[in-house]
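Here is the structure we will look at.
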Amino acid sequence: MDYLNIGKPQMEAIEIEKLIVEVESLSRHRLPSNIDMEVKIQENLKGRTILGNSDQIKSILFELIGNSTKVLHKPDSQIKIFANYENNGLITLSIQDNGCGISDDLKNKLFKEVVESKNGSGIGLYLSNRIIHQMGGDLKLESSEKGTTITLLFNES
C-alpha cells in the first residue's frame with residue numbers, strides 16, 4: 001500500500017510488455033491451484049510505452065488479480081490478462097476472471113466510494129480509480145454472472 005498514496009505520482013515512460021511480464025511472473029506462483037492464468041500481449045505493443053508510475057500501476061494490477069482470486073473457487077477458474085494497442089493510440093490493460101460477477105448496485109458505487117462487501121472493504125478499487133485518473137488514465141468495469149473484467153486505459157506516451 002506504500003505505492004498507493006494519493007500524492008502526485010512520479011511519472012515515467014513504462015514499457016507495457018515488460019510491465020505485464022513482470023506482473024505475470026510475480027503473480028502466477030501465488031495463485032491457488034484451481035486458478036489458471038492466461039496472458040495475451042498484442043504483438044503491436046512491443047516497445048510501446050505509457051506515462052505513469054510503474055510501482056503504482058503494478059500495485060493496482062496485483063490488487064485486481066488478488067480481487068479475482070477471492071471469488072474464484074470452482075475447479076476451472078481463470079484469470080486472463082490482456083494488453084492491447086488500438087490504432088487511436090489507446091493502450092488497454094485488462095484483468096478478466098470467470099467468477100460470479102458483481103451486482104449492478106455494487107458496480108455503480110465501487111469507483112465513487114469505499115464500499116464494504118463480503119469479499120473485502122472496497123478500498124482497493126476506489127483508490128485504484130483515483131490513482132489511474134491522476135495519471136491521466138481511466139478505469140472501466142464490466143461484469144455479469146459469467147465474470148468480471150476491469151480495464152485500465154492509457155494514451156500511448
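Side chains are part of it too, since the values below use all heavy atoms of this structure and drop only hydrogens, waters and symmetry mates. Predicted model only: the values in this text are computed from it and were never measured.
Taking CG from Leu141 and CG from Leu64, the interatomic distance works out to 10.0 Å, rounded to the nearest 0.5 Å. Rounded to the nearest 0.5 angstrom, Asn98 CG and Asp76 CG are separated by 6.0 Å. The OG atom of Ser128 lies 8.0 Å from the CG atom of Asn67; values are rounded to the nearest 0.5 Å. One finds the CD1 atom of Ile95 at 10.0 Å from the CZ atom of Phe62 (value rounded to the nearest 0.5 Å). Rounding to the nearest 0.5 Å gives a distance of 10.5 Å between CD of Gln134 and CG of Asn129. Distance check: Asn53 CG to Ile131 CD1 gives 8.5 Å after rounding to the nearest 0.5 Å.
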Side chain to side chain contact (heavy atoms under 4.5 Å, CB included) between Lys140 and Leu153, intermediate numbers included: CA-CA 8 Å; Lys140 185 173 76 170; Leu153 301 103; 4.0 Å; yes
Stepwise side chain to side chain contact (heavy atoms under 4.5 Å, CB included) test for Ser77 and Asp97: CA-CA 8 Å; Ser77 294; Asp97 66 54; over 6 Å; no
CA sep, side-chain torsions, deciding dist, call: Gln96, Gln78, side chain to side chain contact (heavy atoms under 4.5 Å, CB included): CA-CA 8 Å; Gln96 179 183 57; Gln78 283 191 320; over 6 Å; no
CA sep, side-chain torsions, deciding dist, call: Lys80, Val39, side chain to side chain contact (heavy atoms under 4.5 Å, CB included): CA-CA 6 Å; Lys80 295 180 181 181; Val39 176; over 6 Å; no
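Side-chain contact check for Ile14 versus Leu51: every heavy-atom pair is 4.5 Å or farther apart. No side-chain heavy atom of Leu31 sits under 4.5 Å from any side-chain heavy atom of Leu72. Contact annotation: the side chain of Thr149 never approaches that of Ser143 to less than 4.5 Å [non-hydrogen atoms, C-beta and beyond]. Residues Glu12 and Ser54 are in side-chain contact: their nearest non-hydrogen atoms beyond the backbone lie under 4.5 Å apart.
Partners of Arg28 under the salt bridge (charged side-chain N to carboxylate O under 4.0 Å, His left out) rule, at least two apart in sequence or in another chain, are Glu24. Residues meeting the salt bridge (charged side-chain N to carboxylate O under 4.0 Å, His left out) test with Asp105, sequence neighbours left out: Lys109. Take Lys74 and apply the side-chain hydrogen bond (donor to acceptor under 3.5 Å, both in side chains) test, not counting sequence neighbours, and it matches no residue. For Asn155, there are no side-chain hydrogen bond (donor to acceptor under 3.5 Å, both in side chains) partners, not counting sequence neighbours. Residues meeting the side-chain hydrogen bond (donor to acceptor under 3.5 Å, both in side chains) test with Glu22, sequence neighbours left out: Lys58. Among residues two or more places apart in sequence or in another chain, the side-chain hydrogen bond (donor to acceptor under 3.5 Å, both in side chains) test is passed with Ser94 by Thr151. Here Lys18 pairs with Glu15 under the side chain to side chain contact (heavy atoms under 4.5 Å, CB included) rule; sequence neighbours left out. Contacts of Pro32 classified as side chain to side chain contact (heavy atoms under 4.5 Å, CB included), with partners at least two apart in sequence or in another chain: Asn34, Ile35, Thr69.
Considering all non-hydrogen atoms of both residues, Ser27 and Met37 come closest at CB-CE, 3.8 Å. Residue Ile57 comes nearest to Leu152 through the heavy atom pair CG2-CD2, 4.5 Å, listed as atom of the first residue, atom of the second, then distance.
Linking Ile, Leu, Val, Met, Phe, Trp and Tyr whenever their side-chain heavy atoms come within less than 4.5 Å puts Met11 and Leu93 in one cluster.
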Please table the atom pairs, donor to acceptor, closer than 3.5 Å between any side-chain atom in residues 81-88 and protein atoms at least two apart or in another chain.
residue : atom : partner : partner atom : Å
Tyr85   : OH   : Arg48   : NH1          : 3.4
Tyr85   : OH   : Glu156  : OE1          : 3.2
Asn88   : OD1  : Leu90   : N            : 3.1

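Checking side-chain atoms of Ser157 against main-chain N and O of Thr49 turns up a donor-acceptor pair under 3.5 Å.
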